[in-house]
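Reviewing the structure listed below.
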Amino acid sequence: MVYKVKKLIVSFLQFKKAFVNYPFRKFNLVEILLFWIREKLTRSQFLILSGILVGLSAGFAGVVLKILVHKIQSFVNNDLPFEERIYVFAIAPLVGIILTALIVKYLFKGDEEKELSVILKDISQKGSKVNPSKMYSQIVQSAVTVGFGGSVGLETPIAVTGSAFGSNYAQRYRLGFKERTLLLASGAAAGIAAAFDAPIAGVMFAFEILLVGLVFTDFIPLVIAAICGSLLSTIILNDDVLFNLPSREIFNYGNIPYYIGLGLLTGLYARYFIVVGQKVHHFFERFKSKILLRAIIGGTLLSLLCVAFPPLFGEGYLNIRILHQGNIDHLIHESLFRYFETSQLVVLGFLGLTVLLKAFATSITLSSGGNGGNFAPSLVAGGLLGYFFGFALEMMGMPNVPITNLMLVGMAGVMSGALYAPLTGIFLIAETSSGYDLFIPLMIVSVMAYVINRFFSPINPAYKALADKGEIFTTRQDQNILSHIALRDCLNTSSLVINTTDTMDVVMAKFRNSDQNTMAVVEAGNQFWGILNRERLRPYLLGKESIVGIHVSDLSINPSFIVSDTDTVMQVIKMFDEADVWQLPMLDKERRFHGFVSRSAILNNYRKLLKEYSE
């Protein structure tokens, strides 16, 4: 045993000595050790080790962010009397958004990309290479935004941070595209798992949102990373920070009609949430170049909303916990509604307005310069909506209304519809509420909400523009691969051409000495005239017809389609299918000929990429 240990030490020291002067870049001792370990382990073993390291790193970042924001908001909500808290609600959100905007402008050079679409683009367009600054920029920005009361969540920044950890780890140790993407998703899964102490939800999040259109057979590192993130949050965070709601009613099959009604309601609300976000974003786009003015307008609007409806301040999980404990009167008392006589109608009005305005508060925070995501807002809005629905049913005299269950299931419903992630919503609520017996209502509501929103838009509207441009992956794997093929890579630029001034003897010689079946006919200045193929010329090549008196222009024909350098590979594929040919000419705007696009070249590139993505 001692001999084996000494042998390993000697092996490492020799490896380190050879590595010190490695020309690529400088590495510290730990990194050299990992390179050495990589040499000793199989690919699968090293990926498992990598999953552990990425999971712990991303999970720790998520834990730090949760603790930081929780401390700030606990001070505001618990240590300040209502009269002083109102002043905080009136000032803090405005200050938070302005500070975030200034941090982005001066500290991070105006890099405002903050949503999951950034990571999806990095996977699709940059080979899963995420900017290293994302490993810390999201933590700083979201801590300021949410800590000062921005009505958004920390989960998206945590997921982006985890993705950056995984991607940059893979880049550092020179892993391939598949490994980079897997570790990128592992970091995000670990972050989500740490935020909720819900490893299964973290894995579902990675598969439903980040790994769309990609096929993986080796996903053990992703699962291990999620477990590591969850373990860290379990060990470090307490119940006040974690989103755990274990107490609830037992599921009763007789209440299924309630859940069907809630599924319809959450689906429509999720659509409302999305549309409001688009409208508010469009409004703030007019101030895109005026960062400070945009932040002041958005911060002022958000502060007014928080003063009128305090549950809109911050993430909002505390309010769900209060409702879960049955203390709706506490929420009323800690708002301006305390000056109204408390009645069922006042409670219903308070809840209804809070739910409707939550969509505006979240959209304003994000669009005016704040940093965060829709993860927490969709959960909080769903919880408030579920409680509102149950409270309304009780007012109408309905028997055995499971208000707590409706609140929990409503959270999954709105999240499933707004984020297009039903499995994430189902498992997240099941894990955080220990509510595995709620799977049936969770599935009913989540699937209904998801289907309703798919009816309005098959692709999440937040990503639709990017999907239409082919900048992110979708569930159509063929299109994902084709979108990565550059049309120029399928172009035969050395194609022989025929000039309209060439004699038939010259034309015949070119075809006899070439294996090309089609040649372009061009005028002076390489201006495209038409094409001439071997089939058209066959009678003259075989001597069956005389070339006397025949001119090139008499034999040239117009191609079925002409390819532009702005066309996509998908568009060109459709041209090939309709024309049933193997080559099409590419012209520029001035109709100059650049070469033939080859159908065979597209297929070869497709096979090459398919192999890279599937192995």
Side-chain angles (χ1 to χ4, degrees), residues 193 195-204 230 233-234 238-267 269-270 316-331 344 347-348 351 355 376 378-417 421-452:
F196 292 103
D197 189 16
I200 299 177
V203 173
M204 291 298 104
S230 181
S233 68
T234 302
N238 55 41
D239 289 338
D240 291 336
V241 182
L242 287 171
F243 182 67
N244 288 327
L245 303 171
S247 178
R248 54 186 167 71
E249 294 100 336
I250 296 174
F251 171 59
N252 183 345
Y253 287 94
N255 292 331
I256 285 182
Y258 296 152
Y259 295 114
I260 293 175
L262 182 60
L264 178 62
L265 188 61
T266 54
Y269 177 81
Y317 290 136
L318 178 62
N319 304 304
I320 297 299
R321 195 183 299 276
I322 290 171
L323 289 178
H324 182 259
Q325 295 167 352
N327 295 331
I328 180 64
D329 290 339
H330 177 78
L331 280 186
Q344 288 185 325
V347 171
L348 203 64
L351 287 173
V355 169
S378 65
L379 287 173
V380 172
L384 293 171
L385 183 63
Y387 196 96
F388 170 86
F389 181 65
F391 195 85
L393 290 175
E394 278 197 342
M395 281 183 61
M396 291 186 289
M398 297 293 181
N400 303 318
V401 179
I403 293 185
T404 303
N405 285 0
L406 290 172
M407 181 182 71
L408 291 170
V409 175
M411 297 172 75
V414 173
M415 180 184 172
S416 299
L423 292 177
T424 305
I426 290 169
F427 282 100
L428 177 61
I429 299 304
E431 286 187 283
T432 54
S433 66
S434 301
Y436 294 100
D437 59 322
L438 290 180
F439 262 124
I440 291 177
L442 281 170
M443 286 190 285
I444 290 173
V445 174
S446 295
V447 170
M448 283 186 68
Y450 174 68
V451 169
I452 287 171

Minimum heavy-atom distance [X]-[Y], with the two atoms named:
X: G263; Y: I452; answer: O-CD1, 4.0 Å
X: V380; Y: G316; answer: CG2-C, 3.7 Å
X: G261; Y: F389; answer: C-CZ, 4.1 Å
X: N255; Y: P402; answer: ND2-CG, 3.6 Å
X: P199; Y: A193; answer: CA-CB, 3.7 Å
X: A198; Y: S230; answer: N-OG, 4.0 Å

request  = Could you list the residues that satisfy ring-ring contact (aromatic ring centres under 6.0 Å, His included) with Y258, not counting sequence neighbours?
outcome  = none

request  = Applying ring-ring contact (aromatic ring centres under 6.0 Å, His included), name anything that partners F427, two or more places apart in sequence or on another chain.
outcome  = F439

Give, for atom [atom1] of [X] and atom [atom2] of [Y], the distance between the pair rounded to the nearest 0.5 Å.
X: L423; Y: M443; atom1: CG; atom2: CE; value: 10.0 Å
X: L442; Y: N405; atom1: CG; atom2: CG; value: 9.0 Å
X: I426; Y: M204; atom1: CD1; atom2: CE; value: 10.5 Å
X: L408; Y: T404; atom1: CG; atom2: OG1; value: 7.0 Å
X: T432; Y: L379; atom1: OG1; atom2: CG; value: 8.0 Å
X: N319; Y: H324; atom1: CG; atom2: NE2; value: 14.5 Å

ask   = Does E431 reach the main-chain N or O of A201 with its side chain, forming a donor-acceptor pair under 3.5 Å?
value = yes

message = Applying the side chain to side chain contact (heavy atoms under 4.5 Å, CB included) criterion to L393, which one of L262, L406, N400 satisfies it?
response = L406

task = Show your reasoning for whether side-chain contact (heavy atoms from CB on, under 4.5 Å) applies to M415 and I429.
result = CA-CA 10 Å; M415 180 184 172; I429 299 304; over 6 Å; no

Which residues share a side chain to side chain donor-acceptor pair (under 3.5 Å) with S446, sequence neighbours left out = S416

Partners passing side-chain contact (heavy atoms from CB on, under 4.5 Å) against [X] (at least two apart in sequence or in another chain):
X: V355; value: Y269, L384, L385
X: I444; value: I256, I260, I440, M448
X: Y387; value: L323, I328, L351, F391, I403, M407

